[in-house]
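Data block below; observations after.
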Amino acid sequence: MRSVIVIGGGISGLAAAWQLRDRADVTVIESTPHIGGKLRTTTIAGIPVDDGAESIMALRPEAVELAHEVGLGADLYDPAPAPTTVWTRGRLRPMPRGHVMGIPTEPRTLAGTGLLTDEGLERLCREEQLPATPLAADGDLSVAGYLAERIGQEAVDRLVEPMLGGVYAGRADRLSLRSSMPRLAAVAEQGGSIIGALRRVRAAGAPKVSPVQGVRGGTGRLPQAVAAASGARILTSTLARELQRTTSGRWRVEADTSDGPLLMEADAVILAVPAFAAAELLRGHSPLADEELSAIQHASSAVVTMAFSRAQLPCVPEGNGFLVPAVDGRTVKAASFLSNKWSWLAERAPDTFILRASIGRYGEEHQLDATDRELIRTAVSELHLAAGRLGEPVAARVTRWDRGLPQYGVGHAARVARIREAVDKLPGLEVCGAAYEGVGVAACVATGRKAAGRLLQAGSAGA
Ligand SMILES: Cc1cc2nc3c(=O)[nH]c(=O)nc-3n(C[C@H](O)[C@H](O)[C@H](O)COP(=O)(O)OP(=O)(O)OC[C@H]3O[C@@H](n4cnc5c(N)ncnc54)[C@H](O)[C@@H]3O)c2cc1C
């Protein structure tokens with residue numbers, strides 16, 4: 001049995017380790033005291049709550065399949081059905097059903113919602129009469145660069161940007177259409193009306209499953225279950241500092257642990273760390289990979305989690321939460337009413353109402369200079385304006401995700417191709433993670449499994 005060191009104990013690295021189970025002797029090195037990375041469940045007021053990702057995409061199979069494979073199938077949970085709600089122009093305004101990443105497939109149903117002005121709505125409705133906006137098969141544009149021409153800037157600002165803020169903590173004028181909205185890019189490549197094409201896709205079969213699912217007890221259970229099922233040796237509080245290639249073509253990892261330095265060797269290494277950490281580890285091996293990885297920008301954000309006593313709540317907020325367009329100038333960019341969204345949570349803690357507010361988009365890092373206390377204050381006062389008076393939380397905490405979400409800028413797919421080409425020149429080395437082909441948990445699982453698969457195919461493991 002050959003050996004593999006996976007550097008990074010987030011879901012990407014753990015999915016890779018799981019894929020290699022029974023095929024290689026796998027060690028996962030994780031710098032923090034806990035595995036899971038951005039999938040982490042801790043407790044607030046004694047109740048389990050996710051600090052990072054709270055749901056997994058169910059429209060693509062990878063994460064849900066993995067959850068089933070590691071024994072969590074029975075604990076997968078649909079969120080309560082509720083429309084996407086946008087806090088804009090002073091009120092919570094539900095989006096009509098049938099939108100795709102904020103693009104309405106029946107734009108006339110926006111009339112009367114107050115989401116768009118009359119002019120903005122008319123502009124949106126004209127999209128179906130506009131001539132095609134060509135998107136070359138090998139070309140890329142920012143989301144706003146493409147969409148503003150078709151659906152108008154106001155619809156981009158009020159409908160699409162809040163969705164991008166929620167998923168990427170990113171901005172429509174910087175994010176790549178091809179890499180951050182691939183479904184839309186595929187439609188755009190065909191030319192013609194975006195709204196018409198998305199409507200036809202929906203008419204051909206609206207998905208019968210909830211687009212996302214969570215895990216009873218917290219989605220942070222997923223990496224724990226994957227780690228246990230992988231059979232890998234897990235070393236936490238172990239920071240990989242340097243990679244060396246040995247004369248016999250193996251890889252040596254120099255790591256720092258609380259007990260001092262640790263040297264390890266293996267036939268293969270998988271880097272399942274954020275782009276900036278992968279760049280550092282590859283510095284001496286591939287200047288090109290280092291440069292390209294270092295060029296990937298990141299957004300930082302903070303999650304303010306609060307628990308309220310239901311008995312003391314003047315009114316219980318309705319719905320699953322809301323998104324906020326950047327143009328509204330609020331600090332909170334999204335809120336999730338966890339006790340409404342996840343019925344398992346309401347059953348487990350019927351007397352408590354838990355919600356989370358997210359703060360921080362790319363380019364708005366200054367908001368995170370505030371202290372935890374200030375962020376909690378801001379979150380409470382903006383939630384109060386959006387959802388009604390809440391009173392004081394019985395418990396609150398701030399989780400900071402410094403450089404937590406990679407930004408797929410224009411040309412990201414070409415950059416990833418160059419990184420892969422550079423990494424291909426390093427036998428027995430693979431990269432995976434949120435930096436490459438999707439930031440969502442499902443996409444991360446896919447990259448981890450593919451990285452492991454490539455090693456197995458190349459014979460660096462399990463030979
Ligand atoms: C606040 C927030 C909410 C999110 N919500 C959702 C959601 O609801 N649904 C969804 O699908 N996605 C969501 N995402 C995105 C998703 O959670 C992440 O993109 C994904 O979990 C990243 O997984 P990963 O394994 O690639 O990276 P990470 O989770 O970042 O794991 C990488 C690991 O590598 C470790 N590491 C780094 N450097 C070293 C080193 N030198 N040596 C050893 N270890 C190292 C890190 O400590 C980390 O644990 C969210 C992200 C954030 C920040």
Side-chain angles (χ1 to χ4, degrees), residues 5-17 27-40 50-60 62-64 79 165-170 211-215 218-220 222-223 226-227 234-243 253-257 262 264 269-282 298-305 321 333-334 336 338 341-342 356-360 398-406 408 431-448 451:
I5 297 172
V6 177
I7 302 180
I11 194 63
S12 304
L14 294 168
T27 303
V28 177
I29 294 181
E30 166 55 44
S31 57
T32 70
H34 310 283
I35 56 161
K38 274 111 199 169
L39 280 169
R40 187 171 80 194
D50 286 311
D51 291 335
E54 55 161 316
S55 55
I56 56 180
M57 177 68 90
L59 289 180
R60 52 182 290 177
E62 298 89 344
V64 168
V167 177
Y168 285 95
V212 295
Q213 290 194 301
V215 179
T219 302
L222 179 62
V226 176
I234 311 274
L235 302 181
T236 53
S237 301
T238 303
L239 172 84
R241 202 166 20 82
E242 205 178 316
L243 274 183
V253 179
E254 271 186 37
D256 290 334
T257 75
L262 177 71
M264 300 175 68
V269 168
I270 297 179
L271 300 185
V273 292
F276 47 87
E280 260 178 51
L281 289 166
L282 288 174
H298 290 76
S300 298
S301 61
V303 174
V304 182
T305 307
K333 67 169 181 160
S336 205
L338 300 180
K341 190 169 177 182
W342 305 111
R356 304 184 351 171
S358 307
I359 294 175
V398 175
T399 311
R400 290 173 188 266
W401 295 105
D402 181 37
R403 294 191 287 174
L405 279 162
Y408 292 180
V431 293
C432 64
Y436 307 97
E437 281 134 22
V439 301
V441 173
C444 290
V445 167
T447 61

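Just follow the structure's listing: the first ligand is 1, and inside any ligand the first atom is 1.
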At what distance is the nearest protein heavy atom to [atom], and which residue and atom is it?
| atom | result |
| --- | --- |
| atom 32 (C) of ligand 1 | A272 O, 3.5 Å |
| atom 19 (O) of ligand 1 | V439 O, 2.5 Å |
| atom 30 (O) of ligand 1 | K38 NZ, 2.6 Å |

Going by distance only, is there an N or O of [X] that falls short of 3.5 Å from an N or O of ligand 1?
| X | answer |
| --- | --- |
| A434 | yes |
| A240 | yes |
| I7 | no |
| T32 | no |
| S55 | yes |
| R356 | no |

Handout entry: Qualifying residues under ring pair (Phe, Tyr, Trp, His ring centres under 6.0 Å), relative to Y168, sequence neighbours excluded
Key = Y408
Proximal atoms of ligand 1 relative to [X] (non-hydrogen, under 4.0 Å):
| X | answer |
| --- | --- |
| A277 | 38 (N) |
| G433 | 26 (O) |
| W401 | 1 (C), 53 (C) |

Practice task
Report the residues that fulfil side chain to side chain contact (heavy atoms under 4.5 Å, CB included) with R241, sequence neighbours left out, ordered by chain and then residue number.
Solution key: E254, D256
Exercise for the section: Return a yes/no value: protein heavy atom under 4.0 Å from atom 34 (O) of ligand 1? Expected result: yes
Exercise for the section: Please tell me if the side chains of S358 and S301 come closer than 4.5 Å, counting only heavy atoms from C-beta onward. Expected result: no
